[in-house]
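The next block holds one structure in the form of structure tokens; read it before the comments.
Letters go in sequence order (proteins before strands), and every chain restarts at 1.
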Protein chains: 2
Amino acid sequence: MTVTLADVAARAQVSPATVSRVLNGNYPVAATTRERVLRAVDELDYVLNGPASALAAATSDLVGILVNDIADPFFGIMASAIQSEIGGPGGRAGGERLAVVCNTGGSPERELTYLTLLQRQRAAAVVLTGGAMENEPHAAAVAAKLRRLGEAGTRIVLCGRPPAPETAAIALTFDNRGGGRELTEHLIGLGHRRLGYIAGPEERTTTRHRLEGHRAALAAAGIEEDPRWTVHGRYDRRAGYEATLELLRRDPSLTAVVAANDSVALGACAALRDSGLRIPDDVSVAGFDDLPFSIDVVPSLTTVRLPLAEAGARAGRIAMGREEPPPGGIATVRGELMVRGSSGAPRE
Amino acid sequence: MTVTLADVAARAQVSPATVSRVLNGNYPVAATTRERVLRAVDELDYVLNGPASALAAATSDLVGILVNDIADPFFGIMASAIQSEIGGPGGRAGGERLAVVCNTGGSPERELTYLTLLQRQRAAAVVLTGGAMENEPHAAAVAAKLRRLGEAGTRIVLCGRPPAPETAAIALTFDNRGGGRELTEHLIGLGHRRLGYIAGPEERTTTRHRLEGHRAALAAAGIEEDPRWTVHGRYDRRAGYEATLELLRRDPSLTAVVAANDSVALGACAALRDSGLRIPDDVSVAGFDDLPFSIDVVPSLTTVRLPLAEAGARAGRIAMGREEPPPGGIATVRGELMVRGSSGAPRE
DNA sequence: AGCGTTACAGCAAGCGCTTTCTATACAAGG
DNA sequence: CCTTGTATAGAAAGCGCTTGCTGTAACGCT
């Protein structure tokens, strides 16, 4: 029923081998023959059987992209950039590759299962984006899986994720610690001394690093941190809203709120406003990531810009072997402090 | 080098056939044998070869999700919902399936190529999200492709996209026209008579339908539309910003701006503010979609909520054959008008 | 003319799995 | 004790493609 290579071969009066070679273009075929074959392909509306060719050639054109939350622009932007370099239709790359975006939802099991699925498909490359879980057994399992994938010839790139030692993975890590520190230094510089911090989920590297940067800045300024000033929550606006109310309840004298990321900061702004506080007159707010909307909210958000698209594009190129990996397989991507309207000097 | 079924079979002292059956669980295997096989699988760290099994079984566990722009939460939210129902790891579905999110970037060629790639992979199902291009030859090509995919047994679902006649595709269409109309009726009801409209890219069904709804509302209210009041642009904030400036230049007396979607509305708000206009006191603004950030911006956005997640989930279930398609294969999903702070009565 | 090249094209052996059909073993029934 | 049925395992034939190797012309050289 379905058209096969052999059908095309018969129609073009050549052997299947020749058809295969025309299609793959990796072996000399006389122009007239090629023409004949292509015509037959066209006439029969032939489409290569992917699984069959993957099996025979022992390679596939699938590239996996793992993201924590595809509904979050942070990942969407990276995924988009990665994909554009992976090639796919219209990409600059030569061979057409199918980029597979896998949504782990931040769950370790799903991450692992997706990795297995990708391994099963003999993926050509895998890009893991975003922070990793710090759960020890899980981290070990992922490392083991990455090792096996690497051994099987799958190229592995981490984008916005800390390096995975003992692994062939190339890492493009965001300098979350540095960014966090710079951000808080900025607020301290404005005169803030009582700063609330809305952290992301615990056990996430991103969460920890940003928080560490924040604390380093406090320590450097000789500010002793009050444990009540830190609240953990998810990386979304809802969590930011609730955490801010909690923070306000614990210590109404806070003059600044630093959020784990821009979405959280958005929720924080809403909560402050609903509490009758003005931004930045009463309380300053800062985010992280500099997502597209951050410049449009009112007041616009002071944040740390992460070059998501650039990093993603680079990760994609490395995954495709079109760019040299950084020396040592590790590169740190720095953020840039964006001072905007949501931060100002504290009152009095 | 890599472990194969045969290796597992040898280790478990059974035939390859038995191992296959244990793994697929679709044939009776004695409990003790199964145990032995599973142990061997574990010990050898065996991972099924996807392409090989897809070839032999003539089916694959890939499900394609086509989106116009993965960096846009509109698509991210739908994709996320679809994927969660597709199964994938952790999903409710039984067999594990790999959801493949393909980013077409709104380009007809890429859409077609992705469809071919999916066809090549013998995808189990394909979900196309978002508006379609109204380019005739392209539409025909897509329809033809969908037909062939359907013939090959791939289930096809359109989510937020108009029905594709002559095709086996199930369509979950958004009522963009109705939503657009309701939105503009709301503004007219507030007293607005001079309304600017920032439309999306031309040749997109979504763009056209929303605009038609808007115009229907104007017509119903007996308002004659000035051609200067409509500007086309992309579906992002940048386009909204520029289009608004253009609108203001053309007719500074506008009292309301209706945007093609929330991102565009965000840009519109920024442009208005930068022009020294207050929202909604001087100019009202309305969006479409009700993305998560829309409630958090200041003033919060009047918009039409589209049940993106619900529709996506339903599309996913239908694609997996876990939910009955709607009668006739077509269902219309309605939006809900959300009146918020960005719209108010015009001055004087 | 003779011989080594070059340039294509075909043969055929798999790639690793699924699945139909067949074989075996044991239990139950007569 | 033999027949029939039932449960389970194996043998083997592909699935549709790629590719190393083997022709075989036609060509260029001396």
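Taking the side-chain hydrogen bond (donor to acceptor under 3.5 Å, both in side chains) definition, one finds that Gln119(B) meets it with Lys145(B), sequence neighbours left out. Here Ala311(B) pairs with Cys159(B), Phe174(B) under the side-chain contact (heavy atoms from CB on, under 4.5 Å) rule; sequence neighbours left out. Legend: residues meeting side-chain hydrogen bond (donor to acceptor under 3.5 Å, both in side chains) with Glu35(A), ordered by chain and number and at least two apart, are absent. Evaluation of the side-chain contact (heavy atoms from CB on, under 4.5 Å) rule for Glu134(A) yields Thr205(A), Arg208(A) as partners, not counting sequence neighbours.
Leu128(B) pairs in a side-chain contact (heavy atoms from CB on, under 4.5 Å) with only one of the listed residues (Asn68(B), Leu146(B), Val67(B)), which is Leu146(B).
Residues from residues 31-39 of chain A that place a heavy atom under 4.0 Å from any atom of DNA chain D: there are none.
Contact annotation: Ser20(B) side-chain N/O to dT18(C) OP1/OP2 distance is under 4.0 Å. The phosphate of dG10(C) (OP1 or OP2) has a side-chain N or O of Thr18(A) nearer than 4.0 angstrom. Dashed line: the shortest gap from a side-chain N or O of Asn49(B) to OP1 or OP2 of dC15(C) is not under 4.0 Å.
Comparing dT18(D), dA9(D), dG16(D) by their nearest atom to the side chain of Val29(B) picks out dA9(D).
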Quick one: which protein N/O atoms are closer than 3.5 Å to N/O atoms of nucleotides 20-28 of chain D? Pair and distance per line, please.
from	atom 1	to	atom 2	distance (Å)
dG20(D)	O6	Arg21(A)	NH1	3.2

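In terms of position along DNA chain D, the nucleotide closest to Val14(B) lies nearer the 5' end than the nucleotide closest to the other residue of the pair Ala56(A) and Val14(B).
With respect to Arg147(A) and Glu166(A), no salt bridge is recorded, no charged nitrogen being found less than 4.0 Å from a carboxylate O.
Looking only at side-chain heavy atoms (C-beta outward), Ile86(A) and Met320(A) come within less than 4.5 Å of each other.
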